[in-house]
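What follows is a single structure, written as structure tokens, with notes after it.
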Amino acid sequence: MSSSQVPLWVTLLIAFIGLLGVLSAQFIAAWREDRRWRREQEREELRWRRERQRELDNRDFEGRQTAYAQVVGAIEGFDWLIYPAMSAIRNGREITPEIEADLRRAREEIRLSLGPINLHAPKRFNELLRAAVLPRSRIAMDVAGGINRDRDHIESLWNRGQDAYRQMRAHMRRDLGLDAEDLPGTE
């Protein structure tokens with residue numbers, strides 16, 4: 001062997017080390033890519049879950065908003081229709097058949113507005129809703145049915161219903177993130 005010749009085993013060893021280096025680099029690159037891909041998938045999954053939760057929260061908020069608006073509209077409409085009956089009772093006049101029909105219709109509208117609010121509103125609103133609606137319903141039944149048209153009885157029901165309605169409306173507005181009247185028991 002001459003001094004300028006490299007032994008075969010050295011050449012093979014260098015080739016083997018080079019091959020190991022290339023394979024190791026590929027393995028490390030694949031491992032890093034796999035980790036990066038998994039992290040990206042986890043971030044995407046987290047983003048998807050957040051979007052899904054945001055959609056559900058928006059849908060829930062919109063459902064509550066619509067239900068609240070529907071029941072508030074029905075109660076306000078009822079109050080507009082009950083005013084002539086309250087005025088007649090206060091002044092000792094007769095309740096006309098038109099007023100009786102309006103009260104029955106308003107009572108039915110309130111009844112129909114209860115479904116969405118019972119579906120979308122938190123349970124804490126059930127008692128508030130009941131306290132706001134039942135006195136109005138009782139007024140409609142008593143006045144339209146000729147059961148009890150005593151002025152004090154009707155005024156008492158009216159005042160209880162109005163107080164409860166203001167409480168309920170303040171709670172609803174707070175639930176929707178709107179400004180609300182500061183009433184005792186609404187904080």
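Residues Ile154 and Ile139 approach most closely at O-CD1, 4.0 Å, considering heavy atoms. Closest non-hydrogen pair, Ala106 versus Phe78, comes out as CB-CD1, 3.2 Å. Considering every non-hydrogen atom in both Arg90 and Arg151, the closest pair reads O-NH1, 3.6 Å. Looking at every heavy atom in both residues, Ala140 comes nearest to Leu103 through CB-O, 3.9 Å. Of all heavy-atom pairs spanning Ile99 and Pro84, the tightest one is CD1-CB, 3.8 Å.
Under the 4.5 Å side-chain contact rule for hydrophobic residues, Tyr83 and Val72 do not share a cluster. In terms of hydrophobic clustering, with Ile, Leu, Val, Met, Phe, Trp and Tyr side chains grouped at heavy-atom distances under 4.5 Å, Leu81 and Leu134 are assigned to different clusters. The hydrophobic cluster containing Leu12 does not contain Phe16, counting ILVMFWY residues as joined when their side-chain heavy atoms lie under 4.5 angstrom apart, directly or transitively. When the side chains of ILVMFWY residues are joined at heavy-atom separations under 4.5 Å, either directly or via intervening members, Met172 and Phe61 end up in a single hydrophobic cluster. Neither Met168 nor Leu112 shares a network with the other; the hydrophobic side chains, linked directly or stepwise wherever heavy atoms of I, L, V, M, F, W or Y lie under 4.5 Å apart, form separate groups for each.
Side-chain contact between Arg136 and Gln162 is present, with heavy atoms from C-beta onward closer than 4.5 Å. Considering only heavy atoms from C-beta on, Arg36 comes within 4.5 Å of Arg39 through its side chain. Within the 4.5 Å cutoff, the side chain of Val133 has no heavy atoms near those of the Arg111 side chain.
From Glu94, atom CD reaches atom CD of Glu100 across 9.0 Å, with rounding to the nearest 0.5 Å. Atom CD of Glu55 is separated from atom CG of Asp60 by 13.5 Å, given to the nearest 0.5 angstrom. One distance of note links CD1 of Ile110 with CD of Glu76; it measures 10.5 Å at 0.5 Å rounding. How far CG of Asn126 is from CG of Leu114: 10.0 Å, rounded to the nearest 0.5 Å. Going from atom CG of Asp142 over to atom NE2 of His153 covers 4.0 Å, rounded to the nearest 0.5 Å. For the atom pair CG of Leu157 and CG of Asp150, the computed distance is 10.0 Å after rounding to the nearest 0.5 Å.
In summary, Arg49 and Glu45 engage in a salt bridge, as defined by a charged side-chain N under 4.0 Å from a carboxylate O. Between Arg105 and Glu109 there is a salt bridge, with a side-chain nitrogen of the basic residue lying less than 4.0 Å from a carboxylate oxygen of the acidic one. With respect to Glu62 and Arg59, no salt bridge is recorded, no charged nitrogen being found less than 4.0 Å from a carboxylate O. Taking the charged nitrogens against the carboxylate oxygens, Glu127 and Arg130 do have a contact shorter than 4.0 Å, which makes a salt bridge.
Applying the side chain to side chain contact (heavy atoms under 4.5 Å, CB included) criterion to Leu13, with sequence neighbours excluded, gives Trp9, Ile17. Applying the side chain to side chain contact (heavy atoms under 4.5 Å, CB included) criterion to Asp175, with sequence neighbours excluded, gives Arg64, Tyr68, Pro122, Arg124, Phe125. Applying the side chain to side chain contact (heavy atoms under 4.5 Å, CB included) rule to Glu42 yields no partners; only residues at least two apart in sequence or on another chain are considered.
No more than 12 heavy atoms of other residues, nucleotides or ligands sit less than 6.0 Å from atom CZ of Arg32. Atom CZ of Arg52 is surrounded by 12 or fewer heavy atoms from other residues, nucleotides or ligands within 6.0 Å.
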Between Glu44 and Arg47, does the salt bridge (Lys or Arg N to Asp or Glu O under 4.0 Å) criterion hold? Intermediate values first, please. CA-CA 5 Å; Glu44 189 65 31; Arg47 189 177 313 128; 2.6 Å; yes

Starting from the C-alpha separation in whole Å, work towards a yes-or-no answer on salt bridge (Lys or Arg N to Asp or Glu O under 4.0 Å) for Glu108 and Arg104. CA-CA 6 Å; Glu108 184 66 16; Arg104 284 188 185 100; over 6 Å; no

Might you work through the side-chain contact (heavy atoms from CB on, under 4.5 Å) test for Val71 and Tyr165, ending with a clear yes or no? CA-CA 10 Å; Val71 80; Tyr165 171 64; over 6 Å; no

Assess the residue pair Gln167 and Asp163 against the criterion (side-chain contact (heavy atoms from CB on, under 4.5 Å)); give the C-alpha distance rounded to whole Å, side-chain angles, the decisive distance to 0.1 Å, and a yes or no. CA-CA 6 Å; Gln167 291 282 334; Asp163 291 343; 5.7 Å; no

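Judged purely by atom type and a 3.5 angstrom limit, Asn159 uses its side chain to pair as donor or acceptor with the backbone of Glu155.
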